[in-house]
Amino acid sequence: MTNMIQSAKDQVAALTQAAYERAAAAGVLPAGGEGVKATIEIPKDTAHGDYASSFAMAGAKALHMAPRAIAQAIVDHLELEGSYFNKVEIAGPGFLNFTLGPKWYGDVLSAVEVEGPAYGSGDEGGGRTVMVEFVSANPTGPMHMGNARGGVLGDTLANVLARDGWKVWKEFYVNDAGNQINKFARSIYARYQQIVWKDDTLPFPEDGYQGEDIRELAQALYEECGGDFINEPEEDALFQMAQFGLERNIPKMKEDLKKYGIEYDQWYMESWLHDRGFVADTVQVLTDKGWTYEKDGALWLNTTELLKKKYMAEGRSQEQVDKLDLKDDVLRRANGFYTYFAADIAYHRNKLEERKFDLAINIWGADHHGHVARLQAALDGLGLDGSRRLVIVLMQLVNLLQDGKPVRMSKRTGKAIALHDLLDEISVDAARYYFNNRASSSPLDFDLDLAVRQDSENPVYYVQYAHARICSLVARLAEEDGVAVPAAACVDAAVFATTEELALVKSLAQYPEELHLATRDYDPSRINRYLTALAGDFHRFYNACRLKGEEAAVLAARLKLADTVRSVLANGLNLLGVTAPEKM
RNA sequence: GCGGGCGUAGCUCAGUUGGAUAGAGUGACUGGCUACGAACCAGUAGGUCGGGGGUUCGAAUCCCUUCGCCCGUACCA
């Protein structure tokens, strides 16, 4: 709950405003400065202080004075007594540069100590419920690199949301119905026939799944149940093939994801929606509301109108909307089967209406971006406000590199690298950190040759090393010198004098802000960047400042600082699902 | 055509509400342990922020325009 950055910022704003009012009362500044919207930021260069206010520049127009003159009047009437700051300077075009004093540094250490593993938490969610649906890979084959990325992204996002006051539910949507299951069944059936007749030249579906895993499924089926399916009607045999394949694949997926550190609250079957008539019911509701029409024997959703309505509501002009190339969607095909889109609308109606989640977040591959707006619009059409209550985080795909050159991945041709194979090669820690190392909007290259031999290559080791180094340091001081980590109340932050110490405390204070931004932008890769930077600040501190042999007050303060860093590193790594080792 | 993503150092990428001299990692080069963990640190070199225009005290960031790469635009899922 304690956000030291925010409270310092608030103080800058309050101090500046109070100074303005005093200056205005004294007649030094004209009236009209109350509404000045000054930005308060942390300068990149510490020579410009710890916080900078743009009050003087922003107010130049309203006050009809030169920025630097305004700044001088503010400084003359500033009252820093009792605040976090002990110095203010005017610089550049009129920046007011505030420098933090020891009180603030001490309070940062206290905040981490008091809040411990909860440090960095917020309450943006306010107890609202959110479902994060992620991975949801087709159960027709093993999971690949893209699923590995989506897995960490969703899992970490769920962790971060929970820290921000949301009640989080994690779900895997299993597409156990529809065309690709049919294709799956036909693929197994073809391999099965090849096995039964001992003839590899028997025909295999043109669009079938060619992976080795399909052969293995067929072989297992043959070994368990024999060759009798050959004699059954094809329809029955295909049903059995699909059942057998799913019953083996789904537990395998659960197992792989568990190994990867991911466990769901629920695996939700698409077939549940079909079986109880919920897809049909949802389509009926859309029809009742007048959003559908029949054409060429199929039932269509008037997506064009729904999207126009949505875009206009979002502020686009009629002209902009008119030039869009919009198309309607089929909900029920001429053959009577519902489309995937219809099932998806029903599934999200289930999330928002039946299960009453306040918010639904989906992690999707960027190749599905064309469906984002139309799904939201369809939910709008159901009166569920999908444009706001459904958030789709698009994730750019993973490029697999081999010898520095891209390899085309495809489940159909069986050329993808499976998640479980990957985890045989590299640790869960390394994989989870690696796949969370880029914003979801950036494509991510995955070079297996590099990943396999990576040790120090992966920044996860840099962060973990900092943690292990501190553990070792703390243990050693306790053992050899009998010095324990002191309570924050016993530390005099005024002894922090080096730039390394001050920078390190400021990094610690940045953590709640980073978590907040990670949830706001649905971008948990920020945590990686933060942790790497914090570890770097620690390593620099460690090289610049000794502990052993220093006088008691300095030793105590530095030891407390190091231990506080340890706590925050562990805190962040925990959110990523990465271990914080004491030794390595 | 329409829509989405991207374009920043040799390479991979950061850059929060517009801010002061545009950063990090990696690669290259030069240094630092009889030292609390060298899986570490310090330094040097490397840039027309794809190009052009505009908005203003101030633009990598906002607007317009243009070029290039990836993706989507199914009675597939």
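Basis for what follows: all heavy atoms, side chains included, without hydrogens, waters or symmetry-related copies. Naming: A, B, ... by sequence-line order, numbering from 1 per chain.
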- Query: How would you label the contact of A:Ser472 with the nucleic acid (heavy atoms, under 4.0 Å): base, sugar-phosphate, or nothing?
  - Reply: base
- Does A:Asp164 have any salt bridge (Lys or Arg N to Asp or Glu O under 4.0 Å) partners at least two apart in sequence or in another chain, and if so, which? none
- Rounded distance (Å) that lies between atom P of B:rA35 and atom CZ of A:Arg469: 14 Å
- Task: Describe the nucleic acid contact of A:Asp481 in one word from base, sugar-phosphate, nothing, applying a heavy-atom distance below 4.0 Å.
- Result: nothing
- Query: Would you say B:rA77 has OP1 or OP2 under 4.0 Å from some side-chain N or O of A:Asn179?
  - Reply: yes
- Query: Heavy atoms under 4.0 Å, any strand shown: does A:Ala468 hit a base, just sugar-phosphate, or nothing?
  - Reply: base
- Query: On a plain distance test, is the side chain of A:Asp367 in donor-acceptor contact with the base of B:rA77 below 3.5 Å?
  - Reply: no
- Item | Geometric cation-pi criterion, A:Lys9 with A:Tyr51: 6.0 Å, 45° | no
- Value in whole Å for how far the P atom of B:rG37 lies from CG of A:Leu547: 11 Å
- Query: Distance under 6.0 Å and angle within 45° of the ring axis: does A:Arg469 meet both against A:Tyr542?
  - Reply: yes
- Message: Within the 4.0 Å heavy-atom criterion, would you say A:Ala60 contacts the bases, only the backbone, or no part of the nucleic acid?
- Response: nothing
- Message: Nearest whole Å is fine: how far is B:rA74 C1' from A:Lys295 NZ?
- Response: 13 Å
- Task: Assign A:Glu480 to base, sugar-phosphate, or nothing according to its heavy-atom contacts below 4.0 angstrom with the strands shown.
- Result: nothing
- Query: Do the side chain of A:His369 and the base of B:rG5 come within less than 3.5 angstrom through a donor-acceptor pair of N or O atoms?
  - Reply: no
- Message: Taking only side-chain N and O atoms of A:Ser442, does any of them lie within less than 4.0 angstrom of OP1 or OP2 on B:rA14?
- Response: yes
- Query: Heavy atoms under 4.0 Å, any strand shown: does A:Asn97 hit a base, just sugar-phosphate, or nothing?
  - Reply: base
- Note on the structure: Per the under-4.0 Å heavy-atom filter, residues of residues 324-333 of chain A near RNA chain B come out as A:Leu324, A:Asp325, A:Lys327, A:Val330, A:Arg333
- May I ask you to say what A:Ile181 touches in the nucleic acid, namely base, sugar-phosphate or nothing, with a heavy-atom cut-off under 4.0 Å? nothing
- Message: I want to check one thing: is the phosphate of B:rG37, taken as OP1 and OP2, less than 4.0 Å away from some side-chain N or O of A:Arg476?
- Response: yes
- Query: Rounded to the nearest Å, what distance is computed from the CD atom of residue A:Glu500 to the C1' atom of nucleotide B:rA42?
  - Reply: 11 Å
- Task: Quote, to the nearest angstrom, the C1' distance that separates B:rU8 from B:rA60.
- Result: 7 Å
- Note on the structure: By nearest-heavy-atom nucleotide on RNA chain B, the more 5' of A:Gln510 and A:Met584 is A:Gln510
- Please report the C-alpha distance between A:Tyr347 and A:Glu171 in whole Å, then the side-chain angles of each, then the deciding distance to 0.1 Å, and finally whether the side-chain hydrogen bond (donor to acceptor under 3.5 Å, both in side chains) criterion is met. CA-CA 12 Å; A:Tyr347 178 44; A:Glu171 189 152 302; 2.6 Å; yes
- Message: Let's see if you get this right: which residues in residues 530-546 of chain A place a heavy atom under 4.0 Å from RNA chain B?
- Response: A:His539, A:Arg540, A:Tyr542, A:Asn543, A:Cys545, A:Arg546
- Rounded to whole Å, CD of A:Gln396 lies from P of B:rC70 at a distance of 13 Å
- Indicate whether OP1 or OP2 belonging to B:rA77 is found under 4.0 Å from a side-chain N or O atom of A:Tyr340. no
- Message: Tell me the interatomic distance from A:Phe55, atom CZ, to B:rU17, atom P, rounded to whole angstroms.
- Response: 22 Å
- What is the distance from CZ of A:Arg529 to C1' of B:rU16, rounded to the nearest Å? 11 Å
- Pairwise C1' distance, B:rC69 and B:rG53 [rounded to whole Å]: 24 Å
- Looking across every strand, which nucleic acid part, if any, lies under 4.0 Å from A:Pro443 by heavy atom: base, sugar-phosphate, or nothing? sugar-phosphate
- Residues A:Glu501 and A:Thr498: side-chain donor-acceptor under 3.5 angstrom: yes
- Message: Using a heavy-atom cut-off of 4.0 Å across all strands, would you classify A:Glu582 as base, sugar-phosphate, or nothing?
- Response: base
- Would you say the side chains of A:Asn436 and A:Arg432 form a donor-acceptor pair under 3.5 Å? no
- Whole-angstrom distance between B:rU26 and B:rC71, as gauged at atom C1': 28 Å
- Item | Aromatic contact, A:Phe446 with A:Phe435 (centres under 6.0 Å) | yes
